[in-house]
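Note sheet for the following structure.
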Amino acid sequence: MKRTTVLKRVVILVAVLATLFSLSATVSAARVPTDAYTYWQKGDTGAKEAVTIRPLYTAEEVIDGNTLGIGAMVSPKYMAVDNNGFLYVLDSGNGRIVVLDTDMTVLQTIEEVYQDGEAIPFMGAGGLSVTKDHLYIADTDGGRVLVCSRSLNVEQVITKPDSYLIPENFPFKPTRVVCDNKGFLYVLCEGSYYGTMMFTDTYEFLGFYGANLVEGDVLSAIKEWFQSIFMTDAKQGGTTKKLPYQATDVTLGPDGFLYTSTEGGQWSFTRGEIRKMGPGGGNILKFSSNLSSMDADDFRFTDMEYNYNTLNTRITPAIAGLSVDADGFIYAVDRATGKILIYDQMCNLLTAFGGGIGTGTQLGTFVTPVSVVGNGEEVYVLDTIHASITVFRLTEFGRKVRQADILSLDGDHAQAKPLWQEVLEQEQNYQIALVGLGKAALGERDYETAMEYAQLGLDQETYISAFKSTQSKFLEKNFIWLFFGILLAIVGLSVFFIISRKREIVLVRHEQLRHATSVLTHPFVSFNSIRQTPRLSMWIPTAILFLFFLGKMAEKEYAGFMYVLPSKESSLLFTLIGTVGLAVLGVFCNWGISVLFEGKGKLKQCYCALCYCLVPQIVGSIAYVALTYLVVPTGGSVLTIVQMIITIITVIWLLLAITIVHEFSFFKAIGALIGTILAMCLVGFIAFLLVVLAQDVVTFVGNLFKEAFYR
Amino acid sequence: MKKQLRTKSCLVFALLLLVTPLLLTSCGQPESTVKVYEPLYLENVTESVVADDGINQLVWDANEKAVFFYNTYTGRIWSAIPYDFYLQQQDSGYNVMEMKSPIHIAYYATNNRQERTITGYEGAILDGQVGSTLIENGIRVEYDFTELQLRIPVEYTLENYALKVSLDIEGIAEGDAYKLMSVSLAPYMVSAPEDDVSYLFLPSGSGALMYTDVRGDIRKYSEPVFGIDAIEQPATRTYYAETAHLPIFGVRRDDAALLGIISKGAGLASIDAVAGDSRVGWACAYPTFQLRGSDMVDIQNRESYAQKVKSFSRNLVDLDRAEVLYQPLEGDEANYEGMANAYRQWLIDNQGLEKTTAVNAYMALEFLGGATVPEKVFGVSYDTLQVVTSLQQVQEILTEIDSQVQAPVATVLSGFGQGGLDQEYLAGGYQIHSAFGSKEDLAGLKEWTQSHNGTLFTNFDLLYFRKNAYGVSKMQDVAYRANNVASKKGYYSAVTNRPDLEKRYYSLVKRSRLSSLADTLLNKFGAIDTAGIALNSLGAIAYSDYRDEATFARNGIEADVQDILNRVGEDGRLVMSGANSYAALASDIIWDSPFESSRYKVLDEEIPFYQMVFRGYVPMTSPLINREAEPQQTFLKALSLGVIPAYSVSATYPDSLRDTDHTAFANAYWEGFREDIIENLSIVNTVFPAIEGASITGYTKDGDLTVTEFDNGVRLFVNFGDKAVHSDAGRVEAGSYLLG
């Protein structure tokens with residue numbers, strides 16, 4: 001008999017193992033990616049979701065030295081465009097500049113510039129800039145900037161300035177140069193994290209301008225200061241410093257402002273990769289975060305997720321080139337992924353396209369793109385490894401998007417409306433169009449339509465504006481009815497309470513239920529009743545706990561659009577853990593702590609008491625959800641105050657509950673509460689460790705079988 | 001006692017834990033069926049002319065181990081060693097290794113799984129390890145790679161005044177140390193010197209030319225015939241590509257051309273090409289046959305990082321031979337138009353291509369029924385079917401179109417089954433879901449379309465499914481990859497280039513079930529009696545199934561699909577399928593014919609080769625115009641090629657689809673394209689009657705103006721530009737056409 005049992009168990013075990021194994025599968029998949037996409041902005045910098053869209057640009061042709069008939073280019077580094085629309089391509093490896101007209105035919109090849117009749121080559125130059133009167137060459141290898149007239153005569157050679165502002169070991173290797181409308185020069189140098197070097201129109205060095213910021217916080221600063229107290233000089237010398245990232249490109253916008261791009265770290269995402277320099281050197285680029293206008297230093301311009309190449313290696317986005325066209329649209333090229341990103345002045349991503357991640361075998365993909373020039377109709381992208389220029393042309397859809405966006409940004413929503421409608425007809429998933437139509441409707445005072453579009457486009461700002469107007473209108477129309485209605489309700493309730501007190505009317509007959517529901521107004525009575533009731537029903541506190549869970553679910557799922565954006569993800573599990581899970585954990589921890597502190601409360605009583613303390617939370621949830629449909633969010637919002645009050649009440653009620661149920665003194669109750677919280681943290685930590693350990697065991701066993709199977 | 005029992009139980013458990021992996025090491029791998037390599041005495045043919053069909057001769061050079069295809073009338077010589085090079089009598093150098101090799105092979109070492117390649121010249125010919133025997137109409141040559149213990153037999157024969165080169169797969173012998181992966185046949189047969197006038201024709205998408213001049217880096221091209229194996233699941237995908245729908249390739253040089261047609265084993269093949277290699281001085285195109293499957297397996301190493309290890313199938317593909325036919329062309333036929341004519345004729349003579357008139361349509365409208373969208377009730381997510389277009393709405397839209405333009409329309413219902421466009425259930429559960437309408441609605445729609453000279457198709461996806469139902473389960477009916485893992489396929493993120501782990505995954509149905517599933521479809525849906533059935537995905541992708549040796553490396557996909565399409569088309573039912581050649585031959589209408597190549601930078605020119613082959617024989621639709629970057633330009637291209645313009649249409653756009661990955665609906669909203677569709681249909685209504693049943697004999701492009709010549713003498717001028725242009729038939733307005 002025993003042998004049979006053992007055998008049975010063995011058979012079952014084998015069957016289970018076999019089944020477990022046969023169900024394992026490596027998860028992977030395949031389907032072609034689409035060309036163009038954009039992000040749906042969801043309220044703040046952190047929440048963006050990519051959606052594929054109809055292309056705004058199509059790749060038309062690839063031009064290289066052979067197609068131009070000038071022989072292959074070698075490591076071309078930069079492109080610039082002059083006031084005629086001619087493209088200047090810096091063919092660094094060949095030490096020449098190729099000038100192309102708007103039809104992509106060669107106008108001129110510049111191989112030397114001249115100073116006093118002597119030819120000056122510029123092999124290994126890194127950047128160039130063209131104005132009406134001058135050609136500027138950032139001669140990286142030569143350690144100088146060549147300022148030339150359009151007839152290629154060198155008027156000035158700028159080398160490393162002699163200034164106390166420049167560190168001695170500063171290597172003057174200019175990679176980019178740009179000249180503003182006042183003739184001031186801005187030079188980017190290799191390895192410089194001080195920002196651009198600024199020169200006057202007479203080529204005097206003024207100083208550094210527009211350095212990138214270092215990400216940090218108060219805690220890290222305090223930590224660093226604290227550590228520095230105990231470090232020797234030698235140790236301090238060995239520490240790593242956090243320095244600003246080096247800018248990769250600098251360009252001048254049509255508005256006369258300077259724009260810079262930054263690559264960021266290899267292993268982390270950066271924010272504020274594109275900056276628009278104000279007079280003080282700070283970033284004046286703003287983005288709308290639905291509820292307020294925020295500094296673009298907090299905005300992530302590149303992809304929200306890592307890209308991967310064909311070797312499955314993670315690639316961090318890295319903006320290498322920047323351009324701003326006459327309408328203020330910003331073109332950025334990502335060297336690592338090969339993508340081109342086009343933003344407007346409000347940091348709305350119009351489109352992202354291109355790609356290749358180092359393969360660049362197809363038209364419209366790249367090996368290592370380093371420079372981009374956009375003029376609206378065309379976008380030119382220079383690939384330094386492939387030594388070619390890819391020309392993208394604006395599609396009809398792209399043209400409509402651009403025109404509509406320009407009008408919207410100018411505030412001419414009425415003119416933009418028909419264009420956005422056409423855009424939406426062709427691409428229903430274009431958030432910017434929905435937002436544009438919302439603003440147009442707002443401008444036309446069609447508030448209902450504005451709210452509808454704003455909700456579709458997740459534009460809380462427009463929604464709130466439209467809602468305010470709708471609300472005002474409603475109040476204006478119905479003020480008298482509302483006033484008398486509220487008055488009647490107050491009077492009615494007051495009369496009811498007075499009468500029910502006088503006549504001792506009991507609304508809730510069940511004693512425990514009555515105590516549970518009256519915890520808001522009579523907490524002492526309610527908690528005392530827990531101590532005094534011999535047989536407590538668990539149904540009532542459990543029902544309260546369940547309502548608490550429902551209340552929190554309602555806050556997440558049914559709060560008004562002005563406060564919470566709709567989400568397609570299920571929040572059930574997290575809410576359950578965050579409400580019921582935490583509550584149950586709290587009960588056990590509190591009971592455990594109170595036993596240590598010689599508390600008198602039993603486990604059941606602890607459970608009841610904690611659940612009663614959740615009644616204010618339930619009321620708070622109902623109030624919160626209702627108010628999210630009625631109250632407009634403002635700074636120091638009413639809802640925040642309400643939530644704070646509810647939280648304070650809950651904490652006080654918890655203290656009261658512990659004091660009464662366990663018969664603690666006030667300070668002992670505080671100690672017990674703190675102890676409960678610490679105990680919950682400890683249990684949570686241990687549970688986390690166990691889960692991680694269990695996962696490791698499962699992975700190990702799985703790999704064991706996999707390894708054996710494949711051998 | 002209890003203690004003893006407990007101890008015994010522990011021992012048994014520990015034993016099982018140790019033994020089970022060992023047992024499993026021998027699971028899942030079939031016995032090897034490949035011939036074992038043994039050293040053989042290699043015979044040698046000494047005769048020079050080994051075959052003669054009265055026009056062509058097959059000449060054997062026993063010293064160089066080379067076969068020459070010689071036209072006795074024109075004196076033209078084609079060979080695996082280009083004749084001009086052969087005459088130079090070089091015997092050393094990189095170009096010799098390459099150009100004197102009638103085969104290249106790829107193999108892997110069994111001890112370390114490292115893959116390598118070697119040319120036939122280096123591995124066999126240089127050591128004199130080549131045997132030859134006379135066979136009927138030709139010669140059989142055995143390339144013996146002695147050091148690798150691999151022997152590969154290739155037969156060269158004359159057939160129908162063409163040269164046939166056959167790889168005898170069953171005759172391949174392998175040793176233990178090295179295993180064969182692939183064989184490239186006659187790399188330099190289809191070749192041209194690097195000059196400014198020759199070009200290679202490659203079947204990328206609609207067709208493309210690769211010029212043979214030298215300019216900088218070496219240019220390489222490689223595309224699998226019938227598309228990338230759909231069973232493969234690369235971890236990353238950085239681009240998308242068109243499909244090589246036709247198993248052909250060619251070259252034009254001097255005033256001659258040579259067309260290569262893979263007549264057998266096309267599913268195993270990829271077309272490769274090289275140009276601009278100054279070390280060689282010749283550009284070439286050739287087929288490579290994948291004979292063994294491989295896939296990557298994730299194994300975690302000591303540092304807990306996933307390491308990729310390659311796993312190979314034990315046996316070679318279960319096919320007796322792979323064959324390539326080389327068709328020479330001269331004079332006026334020595335160009336890609338001539339190649340198109342030659343290939344079409346070959347299809348007529350050998351594959352049963354006929355002119356089909358069953359479907360006469362001037363426009364194709366694919367109505368999108370619905371999709372599965374996530375909904376939430378109190379935080380609980382669930383999936384629900386969102387109806388986007390009902391049958392009634394289809395009727396209304398068609399009626400509206402008809403009220404403006406009376407023209408025959410091919411209507412395709414896609415995503416009207418269970419799950420909508422999402423392949424939740426195989427073939428949508430073989431039904432039109434009641435949410436879209438009733439059987440009476442469908443019958444009414446069919447009647448209406450037929451009474452208005454149109455045709456109604458219902459599209460079913462017989463390949464993918466997500467849920468176990470309707471006779472398929474993920475346990476038993478899923479195709480397997482070469483690493484013995486069930487296929488799971490998802491969608492690649494445009495951002496990360498990886499399959500999006502949060503999105504749905506689908507399983508690919510195993511190959512051996514396809515036929516029975518088609519029968520099920522006919523039984524269940526056939527009873528509803530619709531006019532036509534579309535199996536668009538079936539004809540658009542090819543895939544392997546490593547459950548069965550017969551389906552390794554996409555082997556047999558052509559026959560399987562053709563068999564299904566023929567059965568579906570019995571009893572006069574109309575069949576629509578994808579653009580791969582084997583499906584095109586068995587369909588009454590081809591869906592989504594390619595309009596572009598894969599646009600690789602190494603390709604120099606796109607040509608409408610696909611349309612040149614099939615136009616006038618099998619009607620075909622364009623890609624979905626409303627989903628293209630420039631819809632109107634795509635319509636003009638469809639017009640210029642005489643291809644049925646296709647649109648996808650959704651009657652509504654529910655808000656639940658916003659901010660989802662159901663992009664098919666975002667570009668298909670009827671209100672957005674209504675005017676374009678009606679206007680374009682009226683244009684087609686004027687043009688198509690003039691070119692009905694006509695094949696394309698010429699297609700030229702001069703700036704923005706294209707001129708298409710049809711075999712009924714009609715010339716069609718289409719202006720793609722934004723300014724009017726003058727042609728020899730008259731003025732052609734911007735974005736318009738002229739019949740001449």
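Partners of B:Glu671 by salt bridge (Lys or Arg N to Asp or Glu O under 4.0 Å), not counting sequence neighbours, listed by chain and number: B:Arg674. With sequence neighbours excluded, no residue forms a side-chain hydrogen bond (donor to acceptor under 3.5 Å, both in side chains) with A:Gln426.
Both the backbone and the side chain of B:Phe378 come within less than 4.5 Å of a heavy atom of chain A. Of the two parts of A:Leu394, only the backbone, made up of N, CA, C and O, holds a non-hydrogen atom closer than 4.5 Å to a non-hydrogen atom of chain B. Both the backbone and the side chain of A:Leu550 come within contact range of chain B, each with at least one heavy atom under 4.5 Å from a heavy atom of that chain. When heavy atoms are compared at a cutoff of 4.5 Å, A:Ala387 does not approach chain B at all. Proximity to chain B is limited to the side chain of A:Tyr558, based on heavy atoms less than 4.5 angstrom apart. The contact between A:Thr58 and chain B is made entirely by side chain atoms (from C-beta outward), counting heavy-atom distances below 4.5 Å. Neither the backbone nor the side chain of A:Tyr430 comes within less than 4.5 Å of any heavy atom of chain B. Looking at B:Gln633, there are no atoms closer than 4.5 Å to chain A (heavy atoms on both sides), in backbone or side chain. For A:Glu557, the part lying under 4.5 angstrom from a heavy atom of chain B is the side chain only.
Taking a cutoff of 4.0 Å between a charged side-chain nitrogen and a carboxylate oxygen, B:Arg219 and B:Asp213 qualify as a salt bridge.
Counting only N and O atoms by type, the side chains of B:Glu223 and B:Ser204 include a donor and acceptor under 3.5 Å apart. Donor-acceptor pairing under 3.5 Å is lacking for the side chains of A:Thr699 and A:Asp696.
Around CZ of A:Phe574, the count of heavy atoms belonging to other residues, nucleotides or ligands within 6.0 Å does not exceed 12. Heavy atoms from other residues, nucleotides or ligands lying under 6.0 Å from NZ of B:Lys220 number 12 at most.
The residue among B:Gly379, B:Ala668, B:Pro374 with the most heavy atom pairs within less than 4.5 Å of chain A is B:Gly379. Listed options A:Ser388, A:Gly360, A:Pro566, A:Gly65 were ranked by heavy-atom pairs under 4.5 angstrom with chain B; first place goes to A:Gly360. For chain A, the option among B:Tyr382, B:Tyr506, B:Tyr669, B:Phe665 with the highest count of heavy-atom pairs below 4.5 Å is B:Tyr669.
No donor-acceptor distance shorter than 3.5 angstrom exists from the side chain of B:Thr663 to the backbone of A:Thr52, with no hydrogens or angles considered.
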